[in-house]
Amino acid sequence: MELRYSFADIEKRCQDQWEARGLFKASDDSPAQRYYVLEMFPYPSGRIHMGHVRNYTIGDVVARYKRMLGFNVLHPMGWDAFGLPAENAAIKHGTHPARWTYENIDYMRRQLKRLGLSYDWSREVATCAPEYYRWEQFFFLEMYERGLVYRKKSKVNWCEGCQTVLANEQVEEGGCWRCGGQVVERELDGWFFKITGYAEELLNGCGGLPGWPEKVLTMQRNWIGRSEGAEIGFRLEDGRKEITVFTTRPDTLFGVTFISISPEHPMATELSRDTGQCEAVSAFIEQCSMIPPKERRDLKEKKGVFTGAFAIHPLTGRRLPVYVANFVLMEYGTGAVMAVPAHDQRDFEFAKEYGLPVSVVIQPEAMPIQPEVMDGAWEGRGRLVDSGPFSGMWSEEAKGAITRRLEEEGIGRRKVTYRLRDWGISRQRYWGAPIPMVYCEKCGVAPVPKEELPVILPCDAQIDPQGRSPLAGLESFYRTVCPKCKGEARRETDTMDTFVESSWYFARYACPNEDTKPLDRRLVDKWLPVDQYIGGVEHAILHLLYSRFFTKVLRDIGWLSAGEPFKNLLTQGMVLKEGAKMSKSKGNVVDPDEMIKAYGADTVRLFILFAAPPEKDLEWSDQGIEGSYRFLQRLWRLVTNNIEVLKDAKVDRRIILASVERLPELKVIRQKTHQTIARVTEDIEKRLHFNTAISSVMELVNECTAYLNRFEDPAKMDAGVWPVMREAVDAALLLLSPMVPHITDELWRLIGHEGHICLEPWLKADEEAMLSETMSIVVQVNGRLRGEIRVSRDAGGKTIESEALSDPGVKRHTAGKDIKKVIHVPGRLVNFIVA
RNA sequence: GCCGGAGUGGUGGAACUGGUAGACGCGCUGGACUCAAAAUCCAGUAAGCCCUGCGCUUGUGAGAGUUCGAUUCUCUCCUCCGGCACCA
């Protein structure tokens with residue numbers, strides 16, 4: 001009787017049993033070594049997409065594999081549930097964001113369960129739940145107490161589409177990271193996290209993350225953008241004030257011929273007062289401010305205007321005209337630079353444009369440069385000239401020497417500057433965690449007392465179709481009393497950036513139900529850091545940098561010990577269709593539900609793991625998934641067509657060894673079995689390359705099938721076949737079980753085992769079984785392949801070489817020629833060099 | 001411009017520290033089974049060459065180099081992808 005592979009029934013049954021038996025619960029007390037595998041939790045947008053399927057399947061294989069190795073595995077899932085799409089849906093469909101979000105969560109949770117993912121669902125968190133964001137508000141207050149949160153009015157990135165502020169990290173190519181909409185500048189009050197206070201540690205920490213892709217580390221390093229240099233004060237001619245500049249090239253100090261300041265520099269207008277340049281300066285500043293930030297970045301032309309003021313060179317006393325220049329950024333350094341046209345390309349271009357002097361102070365070793373014939377700045381190293389007492393020094397050496405001199409004279413100091421800026425977290429939106437602050441006329445800004453947390457996000461707010469913050473207009477929310485004077489006060493109506501929630505959720509999974517404090521340190525320290533984190537590379541800076549920052553803050557406050565949240569990071573590639581990212585507008589979306597319905601979750605998982613290594617982009621292929629389905633059916637038939645004999649076969653080492661002695665073909669199969677165990681283990685353990693792991697199991701299954709197909713009548717087969725086959729099949733099932741958990745679970749039972757395959761220990765290859773008596777040696781003549789010989793494993797060099805020489809192909813090419821040299825790589829090849 | 005990563009058959013992708021290039025899958029071709037088809041099974045499948053055979057030549061983006069031997073190491077260049085970009 002044929003047993004059909006009815007994946008739908010099998011998968012449903014397995015999933016129900018796993019859940020009923022609580023197989024994937026992580027134990028807080030188990031003495032077994034712990035392993036924490038985590039995938040980036042999804043935003044509950046409505047449905048799971050193929051990117052999620054890929055992400056979560058990869059994580060699931062790791063989780064299941066580690067469990068079989070005996071680890072106590074934590075593999076949780078949750079929802080990044082605050083965010084703008086919920087509000088947009090509310091406007092469009094009239095459903096409340098909360099309802100929309102929770103309905104999506106319910107739907108997506110069912111989708112994930114249908115994939116057979118081995119999560120500990122008892123630890124599920126949703127960040128929009130007060131039980132979660134309450135502790136986020138708590139952290140906010142603790143950070144406030146420590147000066148890590150502050151409020152300031154500043155120029156911010158305002159997204160017209162989302163009607164809210166964005167952090168610097170959230171602006172991509174001048175547009176919004178989420179909606180791609182235009183980003184404009186606005187002057188706004190907002191709360192900031194002092195991430196710059198951790199710049200140095202975040203940067204240094206990159207060196208201690210060998211388990212992260214180099215690419216991500218480089219991106220973070222670039223984003224933090226550390227530069228070492230000096231701050232130098234240039235006194236103005238009239239002696240009243242000073243302009244402070246930042247430079248990374250104090251060695252070029254003697255080559256300064258003018259000073260450039262940003263149009264936004266507070267002294268810009270002031271300097272031009274009473275100089276006759278006042279109007280020109282104001283006009284220029286006005287002109288610069290008109291250009292939107294998006295266009296400003298493309299503008300390469302250097303423009304500026306003389307302020308009429310002069311500064312005095314601190315060491316030479318030279319008069320230096322002060323210019324307002326469009327390329328000087330107020331946000332970086334001090335907003336003012338000392339211009340050294342000979343040794344800075346931008347200053348060079350500016351100097352040429354406005355006829356300012358170029359004075360060379362660094363001479364490159366190769367050929368001397370002269371200002372008159374230069375067509376660009378010399379930015380390399382060299383020897384100092386015309387630099388007073390420092391002349392003759394190497395530029396590298398002069399950096400320190402000149403800085404020390406400035407420090408002695410009290411004119412300047414060593415200074416490290418970062419590109420990284422503080423993280424603005426205020427969002428003028430409804431669907432987010434309220435910022436627990438109160439404004440009082442009398443007392444000013446006051447934190448909400450911790451005992452009063454959470455500040456609940458009210459559910460009766462009216463969502464404004466214009467996209468304005470509903471909380472600002474909701475009196476029942478914002479009217480409150482001042483915690484200090486008990487007088488009338490107003491609540492903060494901005495909510496927190498949703499990246500705040502995702503910056504610590506991985507810690508909350510350790511103690512998701514803790515309701516007296518944010519984290520249970522004992523449990524958090526048991527589980528953190530995450531051993532393997534998996535997600536898209538699009539968060540290389542955003543989420544991953546914020547999480548690292550938060551971890552360090554929580555460590556310093558005393559909530560956990562880990563210095564870094566994620567020990568190993570895998571950034572998985574995208575799922576493409578026809579070479580492009582799947583999107584509704586392109587109409588190339590493949591729906592996971594449909595695929596599961598048509599082929600089953602195992603086939604979908606198998607294809608997605610097989611089609612490409614995880615870090616590379618994956619091209620979806622309808623024929624490819626057919627191929628995966630065919631393989632599973634072949635596996636199914638291999639077991640079910642021989643079910644009775646396989647069931648009766650004993651996997652007994654002595655019986656197997658006896659069979660193998662008698663039938664050499666079986667020895668090959670047994671050898672293959674153990675080679676496959678070794679190969680799969682290595683592929684998963686060392687590189688998480690499931691594609692090659694799967695292909696080697698395919699080879700094993702193919703070999704078994706091919707062997708059995710050779711017999712027309714199975715009854716005629718030697719009984720010794722079955723123990724060896726049984727060993728091979730058991731191995732194939734065990735090795736595949738983390739990847740295709742349902743079919744292997746079913747076959748495991750059918751073949752006569754008790755219990756679930758995922759509870760079985762991982763296999764260890766038998767080294768001895770992997771060896772064969774003979775080995776094949778490739779023979780080359782002059783580096784070209786001319787033959788192949790089989791020799792006994794313990795054959796000596798002489799025997800192999802004479803054997804190789806007698807190979808007909810080799811003979812043909814060596815006949816009548818002198819052998820000049822023999823290269824013999826033991827176990828691999830022999831190469832004869834002939835004249 | 002700077003910093004990463006990648007270029008391998010018709011196609012997705014293999015090749016561990018330099019040692020048989022193209023594993024495995026898809027597609028395609030032929031055959032078996034079938035009245036026929038699907039499914040399945042078997043065989044073949046880098047290109048070119050006299051296909052006379054298990055024969056020869058070329059071939060991992062292009063060009064050079066190191067080596068007995070290079071997809072792998074070095075240099076130059078080209079293309080694509082990603083990141084940063086007037087950061088002083």
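Below, chain A is the first sequence line, B the second, and so on; all start at residue 1.
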Sugar-phosphate, base or nothing in reach of [X], heavy atoms under 4.0 Å:
X: A/S621; result: nothing
X: A/V328; result: base
X: A/L329; result: base

Check: Starting at the 5' end of RNA chain B and moving along, which residue's nearest nucleotide shows up first, A/G333 or A/E699?
Finding: A/E699
Next item on the list: Let me know, please, whether A/T218 or A/I694 comes out on the 5' side of the other along RNA chain B by nearest nucleotide.
Entry: A/T218
With rounding to the closest Å, how many angstrom separate the [atom1] atoms on [N] and [M]?
N: B/G22; M: B/G10; atom1: C1'; answer: 14 Å
N: B/U60; M: B/C84; atom1: P; answer: 35 Å
N: B/G4; M: B/C77; atom1: P; answer: 15 Å
N: B/C78; M: B/C24; atom1: P; answer: 38 Å
N: B/A15; M: B/U79; atom1: P; answer: 29 Å
N: B/G44; M: B/G9; atom1: C1'; answer: 15 Å

Residues forming a salt bridge (Lys or Arg N to Asp or Glu O under 4.0 Å) with [X], sequence neighbours excluded:
X: A/R419; value: none
X: A/E767; value: none
X: A/R54; value: none

With respect to the side chain of [X], which nucleotide from [options] is positioned closest?
X: A/M698; options: B/A85, B/C24, B/A88; value: B/C24
X: A/F246; options: B/G55, B/G27, B/A88; value: B/A88
X: A/K821; options: B/C86, B/A88, B/C68; value: B/C68
X: A/R812; options: B/A88, B/C84, B/C56; value: B/C56
X: A/N702; options: B/G82, B/C24, B/C26; value: B/C24
X: A/W223; options: B/C84, B/U57, B/C56; value: B/C84
X: A/V337; options: B/A85, B/C42, B/A88; value: B/A88
X: A/K302; options: B/A88, B/C86, B/C87; value: B/C86

Examine [N]: is either OP1 or OP2 under 4.0 Å from a nitrogen or oxygen in the side chain of [X]? Give yes or no.
X: A/R221; N: B/G83; result: no
X: A/H343; N: B/A88; result: no
X: A/R786; N: B/G55; result: no
X: A/R346; N: B/A85; result: no

Margin query: Applying ring-ring contact (aromatic ring centres under 6.0 Å, His included) to A/F607 and A/W620, what does each step give before you reach the verdict?
Written below: CA-CA 9 Å; A/F607 170 70; A/W620 185 268; 4.9 Å; yes
Next item on the list: List in chain and number order the residues that pass side chain to side chain donor-acceptor pair (under 3.5 Å) with A/N222, two or more places apart in sequence or in another chain; answer none if no residue qualifies.
Entry: none
Checklist line | Conformer about C1'-N of B/G48 - syn within 90° of 0, anti elsewhere | finding: anti
Note to self: Run the side chain to side chain contact (heavy atoms under 4.5 Å, CB included) test on A/T676 and A/V697 for me, step by step, so that the C-alpha distance in whole Å, both residues' side-chain angles and the decisive distance to 0.1 Å come before the verdict.
What the structure shows: CA-CA 6 Å; A/T676 307; A/V697 182; 4.1 Å; yes
With a 4.0 Å cut-off on N to O distance, would you call [X] and [Y] a salt bridge?
X: A/R414; Y: A/E228; value: yes
X: A/E615; Y: A/R687; value: no
X: A/E619; Y: A/K577; value: no

Next item on the list: Spell out protein contact along nucleotides 12-21 of chain B as letters: B when the base is contacted, S when just the sugar-phosphate is, - when no protein heavy atom is under 4.0 Å; keep the 5' to 3' order.
Entry: BSSSB--BB-
Notebook entry, point to check: Think A/K302 forms a cation-pi with A/F350, using NZ or CZ under 6.0 Å from the six-ring centre and within 45 degrees of its axis?
Noted result: no
Check: Is the number of heavy atoms from other residues, nucleotides or ligands under 6.0 Å of A/R381 CZ greater than 12?
Finding: no
Check: How does RNA chain B look in dot-bracket notation if pairs are Watson-Crick or G-U with both distances under 3.5 Å, crossing ones as [ ], other-strand ones as |?
Finding: (((((((..(((......[....)))((((((.......))))))((((.....))))..(((((..]....))))))))))))....
